[in-house]
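Worksheet: the structure to be examined is printed underneath.
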Number of protein chains: 2
Amino acid sequence: MNDERMENQNLQPLAEIDRVIHEPARLLILAYLSVVESADFLFLMNQTNLTRGNLSSHLSKLETAGYVEIKKEFVDKIPRTLLRLSEKGRIAFHEYRRNMKQVLDSLSE
Amino acid sequence: MNDERMENQNLQPLAEIDRVIHEPARLLILAYLSVVESADFLFLMNQTNLTRGNLSSHLSKLETAGYVEIKKEFVDKIPRTLLRLSEKGRIAFHEYRRNMKQVLDSLSE
DNA sequence: TAAACTGGTATATATCGCAAACCGATATGC
DNA sequence: GCATATCGGTTTGCGATATATACCAGTTTA
């Protein structure tokens, strides 16, 4: 075993990785929300290729975590759901990226 | 919405990320196995802080995927389980890292 | 002989991701 | 008018997953 290389690894962040964000579908959603001020449900559905039900439940989970804010409004009698990343979400997303990068970088020889 | 920044994102690898590897506990296991020629069960258990049952089931999953090879032997009447990363596992792990890095890099402002 | 430890495996449980069924409202066909 | 289809989602159901606990065979210690 190569102790030297092992000690160079910084794997600790992995133990406390944010699983709400780690899920690929939600990572995708957050990636889109992170570059716009807000997006609606259908836009996200098209971009992510998630089904309606799947997208809806992931958004609920993100809302429960306090990472996205969901605002519903009517546009000519038709309901529209607007999503935006909360400040808490932006911070958590940034932290997640930092942690994962650190782990991945420490693994590269 | 900022189309320019959105188009610069390379999120496609996310859609086909390897979930066997994506799970943090297994990512941790693979990280350790990637720097040693082989390790035994207790060593991994101590390094990862996983419980015996948990570690055992993750190793089985990795074995089923063909990513690790499990060899059992006796050392003075005491059983010992040796784990090593297979070639297939090494390739898949490398590919996972490449994909995740690409995604994370495309998200950095 | 019994109690405690080793090195695991099997089982129970809780959660999760996903798809399909459902739902209220609106537009369309006849 | 009254079905029927469509829109924009939410709720429900199910199989798979992750984790902890119970369990087990064998070994060492008291």
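Fair warning: this is a prediction, and the values are worked out from it, not measured in the lab. Quick note: numbers below take in every heavy atom, side chains included, and nothing from hydrogens, waters or symmetry partners. Throughout, a chain's letter reflects where its sequence line sits, starting with A, and its residues are numbered from 1.
- Taking for each of B:Leu82 and A:Ile78 the nucleotide of DNA chain C with the nearest heavy atom, the 5'-most of the two is the partner of B:Leu82.
- Taken to the nearest 0.5 Å, the CD atom of A:Glu23 stands 9.0 Å off from the CD1 atom of A:Ile29.
- Residues passing the salt bridge (charged side-chain N to carboxylate O under 4.0 Å, His left out) test with A:Arg80 are A:Asp40, A:Glu73, sequence neighbours excluded.
- Rounded to whole Å, atom P of C:dT6 lies 13 Å from atom CG of B:Asp40.
- Atom CD of residue B:Gln102 and atom CG of residue B:Leu11 lie 10.0 Å apart, to the nearest 0.5 angstrom.
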The contact string for nucleotides 9-24 of chain C, one letter per nucleotide 5' to 3', using protein heavy atoms under 4.0 Å with B, S and - for base, sugar-phosphate only and none, comes out as BB------SBSB----
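- Under a cutoff of 6.0 Å and an axis angle of 45°, B:Arg97 and B:Phe93 form a cation-pi pair.
- Residues passing the side-chain contact (heavy atoms from CB on, under 4.5 Å) test with A:Ser57, sequence neighbours excluded: A:Asn54.
- In this structure, B:Arg90 has no salt bridge (charged side-chain N to carboxylate O under 4.0 Å, His left out) partners at least two apart in sequence or on a different chain.
- In terms of hydrophobic clustering, with Ile, Leu, Val, Met, Phe, Trp and Tyr side chains grouped at heavy-atom distances under 4.5 Å, A:Leu55 and A:Leu82 are assigned to different clusters.
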Show the atom names and distances, to 0.1 Å, of all donor-acceptor pairs under 3.5 Å that link a side chain in residues 61-71 of chain B to residues at least two apart or in another chain.
from: B:Thr64; atom 1: OG1; to: B:Ser60; atom 2: O; distance (Å): 2.9
from: B:Tyr67; atom 1: OH; to: B:Asp18; atom 2: OD2; distance (Å): 2.7
from: B:Glu69; atom 1: OE1; to: B:Arg84; atom 2: NH1; distance (Å): 2.4

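- Of all nucleotides in DNA chain D, those with any atom nearer than 4.0 Å to a heavy atom of chain A start and finish, going 5' to 3', at D:dG8 to D:dT19.
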